[in-house]
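Quick notes on the structure that follows.
Residue numbers start from 1 in every chain, and the chains themselves are labelled A, B, ... in the order their sequence lines are given, proteins ahead of strands. No hydrogens, no waters, no symmetry mates; every other heavy atom, side chains included, goes into these values. No experiment lies behind these values; they were computed from the predicted model shown.
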Amino acid sequence: VTTAATTSLDEPQIIAGSTAARVAHNVFGGVVPLLLTAIGYWSVRNANVDHAGGLGLIQVLPTVFFGVTFALALSFVSYLRAQRTHTVVLILHVVALIFLFDGVVSWIEEAPRFPVTYVHIGFIEYIQRTNHTLPSLDARMSWPAFFAMGAMLDKVAGIGNAYSMTLWAPLLFNLIYAPLVFSLARTITSDQRVVWLSTWLYFSISWVGQDYYSPQAVNFILFLSFMTILLTFFRSDRAAFPRGLRGLSSRISSLVQWVLRVPSLRPGGNGIFPTTTSQRAVLVVALFVLFAASVVSHQLTPFFMLFEVTALVIMRRTALRGFPLLMFVVVFGYISYGAIGFWSGHLSDMFGGLGQVSSVASQNVGAKVQQGHSNHVIVIYGRLALTAALWIVAITGLLRRLRRGLTDIFVMVGFLAPFLVLGGQSYGGEAILRVFLFSLPFAAVLAVLALLPTDAVKFNRTRAVVVVLVAALLAPVFMLARFGNEQFEYVSKDEYAGAQKLYQIAPVGSELVGIDQNIAWGIAGSGQYDFSIASNLEPFNDPNRIYQSVASHGTVSTYLYISRTQLENIAVTDGRPADWGVAFEQQLEASGRFLLVYQNPDVAIFRVASPQKAA
Amino acid sequence: VSSSLSHVNQVRSNQIRLRVPKVANVINLVMILVSLALVALVLSDYKGVIRQWLSVAVFVLGPGSGLVQFLRLPDGAMQVGVLIGISAAIDLLLAQGLLGIHNISGDAAACLLAGITCIRPLKLNAGASALNNGSGK
């Protein structure tokens, strides 16, 4: 075990040729990704996200951009195959990939994307203003640590709100994930080719877009750190099953050997590091701190951690057998006490989906496929195809390793344990996204192992060509899957300006009404205004009916807030014409019940007439 | 053969313990200076982009850079990744604590984060000597 650890982590690079040739090779190798990144960013200088249609960002990205991503993949594979390549050259290639795939959207767009980002800015603003949380406002406020951290950061940085922190957050988060994804892959295999390729694959395929300024983005850092420490130091490959299960375990092994015609089975994975007792104690404290921070800041991530550790314990693949109990007590202790504001009225939301896996899967997949515009459906199918393809290749990798007598049980556990969340609840139709995200670091390694199952398999020219072609194909598919909804997830500066104007116009205590959940307005005023989304607005061409839905409910005054992201989302999901919003606003104004008080290209704010006046 | 191989493995394992990369140590030294500079800017109520950049740097790298050295992680990438993870965890728990007492103060937060950043092992290889003495097997 220790030999494997030593050779894998400290193996010297094989140096070929003269020193000058080696230096030239590496200098050139470092310049290539920098140059390609610059060309990639230059190529999108005229890209206008306003022209993004139903397929999203891919429709405004020039061909040169995809040529750059192809060249980068080609360069990466070439340098990975060369024996004298310095690690820094490979790091620069991965960084360039992240800049091109995850940073370019921040470069093109003028304001932070994704309406939910603005909701988070609003939560942070509330805590910054009041030093309190507000569980009645939103479930997320019952896990307020991230928002409190945002408020703390704003105060330390001396800024008024979190807006300026959010634009480049996706790039920053992905740069942070990189060393952790790399380290996690290293616990799985000592083959450096697999480690680098799986890191590359991770960032080429991670389409779920949970890396905006959000609790889950920070919690994914905690999860990766947690799993890296757990699998590096507390993995156990030789722990025996309890006496009653030994026979069963032995029979399963024999069956696998017989089916796959493998003479013997041995555990895969990189070496387990020897540790001192005091070091182990400190490492357990670190695991606990990471878990505790997750418990107070996000609803779902602690359960992914809990499922991973519990599954490893059940499969006898970790030495921390009592840790799941501690985790269970902490997470349910917090929910019982800290999140009482949420669960006291929502027990059915929390536990109503227990055991209903097919129902949850249907909400996560089926309902999405059935809704909306044909282009939107293409995006959803693109996501499903990418996800299914990765999982199939990952399972192939697992089987190819088994054929060579290597059992990667802990990797299989890491890959499959996140699926247990589907047995809990649908998480607003997003559970499958999170399952994909949390299983991805393991799935990416297994997928690469399908190509290079052992050290003995050469990374020859044919395999290199396959990798480059897959990478070239992944670039447009990634852009389609990741940024396919840009039509309604993009937020313009005008929209942000409109939201700011709303709080200048509307007196405190007013009721603010939107027409769709996809709305970037909650940047301030939490606890001071009554926010709502009008329901029963159909038919949209009947202002009287709309008036009845949104008319003042005894508040100071009522304002109807209509913005581009709402109109686009309704157009896409209901299949309306792209310009339906213009006619809609004209009807509102013509009715005499809605007074236009502010307008810019992306926002219209109407003051709703009081009932007496309207009558 | 088995005996000599076992001996080689033991030596190598000790070499791993001795060769804890100093990436976190270097980051920590830089972050101590950065966090102290940030405290000065916060207490003097300086407003500007430098303070924003330093704040982000301290939040991302500061608290974990000292504490992660106690873990004696065996490679640089892991040190960088986990130190960021621990920094995030400390930031979250600290913010939760300040929220709990209903006083999220920028001054207090900057001072506390700088204080945690300055906590570091006095002797980086202290654990390795224990291993060499045989207590770490």
Side-chain angles (χ1 to χ4, degrees), chain A residues 1-3 5-7 9-10 127-128 130-133 144-159 164-165 172 176-184 186 218-219 221-222 224-226 228-229 232 273-279 282-283 286 289-290 292-294 296-297, chain B residues 5 8-10 12-13 15-17 19 38 41-42 45-48 51-52 54-56 58-60 67-68 70-82 84-86 88-96 98-99 101-107 109-110 113 127 130-131 135-137:
Chain A
V1 171
T2 47
T3 307
T6 308
T7 52
L9 291 180
D10 295 315
I127 291 178
Q128 200 173 343
T130 65
N131 280 313
H132 283 76
T133 181
F146 168 79
F147 306 114
M149 186 185 79
M152 192 169 84
L153 175 59
D154 290 354
K155 286 192 175 179
V156 172
I159 53 178
S164 57
M165 296 286 172
L172 179 64
I176 288 172
Y177 298 155
L180 287 163
V181 170
F182 182 85
S183 301
L184 199 51
R186 265 188 163 182
V218 174
N219 267 262
I221 300 173
L222 303 179
L224 290 172
S225 304
F226 184 91
T228 300
I229 293 175
T232 304
F273 282 88
T275 47
T276 62
T277 307
S278 59
Q279 189 186 4
V282 177
L283 286 163
V289 167
L290 290 165
S294 179
V296 295
S297 58
Chain B
L5 187 63
V8 169
N9 288 346
Q10 183 56 45
R12 284 186 177 175
S13 84
Q15 283 174 341
I16 288 171
R17 311 315 310 153
R19 279 208 303 264
L38 179 64
L41 293 178
V42 172
D45 203 23
Y46 165 86
K47 295 253 195 306
R51 180 171 158 187
Q52 292 177 30
L54 294 186
S55 302
V56 173
V58 169
F59 270 66
V60 173
L67 298 177
V68 81
F70 290 99
L71 305 184
R72 306 192 52 74
L73 302 178
D75 77 271
M78 193 185 292
Q79 284 191 353
V80 173
V82 173
I84 294 171
I86 291 176
I90 300 290
D91 294 340
L92 289 166
L93 292 172
L94 180 60
Q96 180 78 11
L98 293 176
L99 180 66
I101 59 169
H102 307 302
N103 184 16
I104 299 179
S105 153
D107 294 357
L113 288 174
L131 262 168
S135 59
K137 275 185 81 174

Taking C-beta and beyond as the side chain, do B/Met78 and A/Arg186 meet within less than 4.5 Å on heavy atoms? no
B/Ser55 and side chain to side chain contact (heavy atoms under 4.5 Å, CB included): which partner among A/Leu153, A/Ile159, A/Asp154? A/Leu153
For A/Phe147, the ring-ring contact (aromatic ring centres under 6.0 Å, His included) test, sequence neighbours excluded, returns A/His120, A/Phe123
Close side-chain approach of B/Leu99 and A/Asn131, heavy atoms under 4.5 Å: no
Hey, what do you get for OG1 (A/Thr133) to NE2 (B/His102), rounding to the nearest 0.5 Å? 10.0 Å
Looking only at non-hydrogen atoms, find the nearest pair between B/Ala77 and A/Ser183 and report the distance. C-OG, 3.5 Å
Under 4.5 Å from any heavy atom of chain B, what part of A/Phe146 do you find: side chain, backbone, both or neither? both
When heavy-atom pairs shorter than 4.5 Å are enumerated against chain B, which of A/Pro144, A/Ala151, A/Ala286 gives the highest number? A/Pro144
Mind ranking B/Asn103, B/Ile86, B/Val80, B/Val42 by heavy-atom pairs under 4.5 Å with chain A and telling me who comes out on top? B/Asn103
For B/Ala88 and A/Leu222, work out which heavy atoms get closest and say how close. CB-CD2, 4.1 Å
Given the options A/Val289, A/Val181, A/Leu172, which has more heavy-atom pairs under 4.5 Å with chain B than any of the others? A/Val289
Sort B/Val68 into side chain, backbone, both or neither according to what part of it lies under 4.5 angstrom from a heavy atom of chain A. neither
Which one wins on heavy-atom pair count under 4.5 Å against chain B: A/Leu184, A/Val282, A/Val218? A/Val282
Can you measure from CG (A/Asn219) to CG (B/Leu92) and round to the nearest 0.5 angstrom? 7.0 Å
Just so I understand: if I count every heavy-atom pair under 4.5 Å between each of A/Ala292, A/Ser278, A/Ser294, A/Pro179 and chain B, which residue has the most? A/Pro179
Whatever's closer than 4.5 Å to a heavy atom in chain A on B/Val82 counts as both
Candidate pair A/Met152 and B/Leu94, rule side chain to side chain contact (heavy atoms under 4.5 Å, CB included), full reasoning: CA-CA 9 Å; A/Met152 192 169 84; B/Leu94 180 60; 4.0 Å; yes
Measure A/Thr130 against the heavy atoms of chain B and call it side chain, backbone, both or neither at under 4.5 Å. neither
Return the option, out of B/Gln96, B/Gln52, B/Lys47, with the maximum number of heavy-atom pairs under 4.5 Å with chain A. B/Gln96
Sorted by chain and residue number, the side chain to side chain donor-acceptor pair (under 3.5 Å) partners of A/Ser225 (sequence neighbours excluded) come out as none
Nearest heavy-atom contact between B/Ala110 and A/Val156 is N-CG2, 4.0 Å
Just one of B/Asp91, B/Leu98, B/Ile90, B/Leu93 clears the side chain to side chain contact (heavy atoms under 4.5 Å, CB included) bar with A/Met149, so which one? B/Asp91
Checking B/Leu54 against chain A: side chain, backbone, both or neither under 4.5 Å from a heavy atom? neither
Which distance, rounded to the nearest 0.5 Å, do you find between the OG1 of A/Thr275 and the CZ of B/Arg72? 11.5 Å
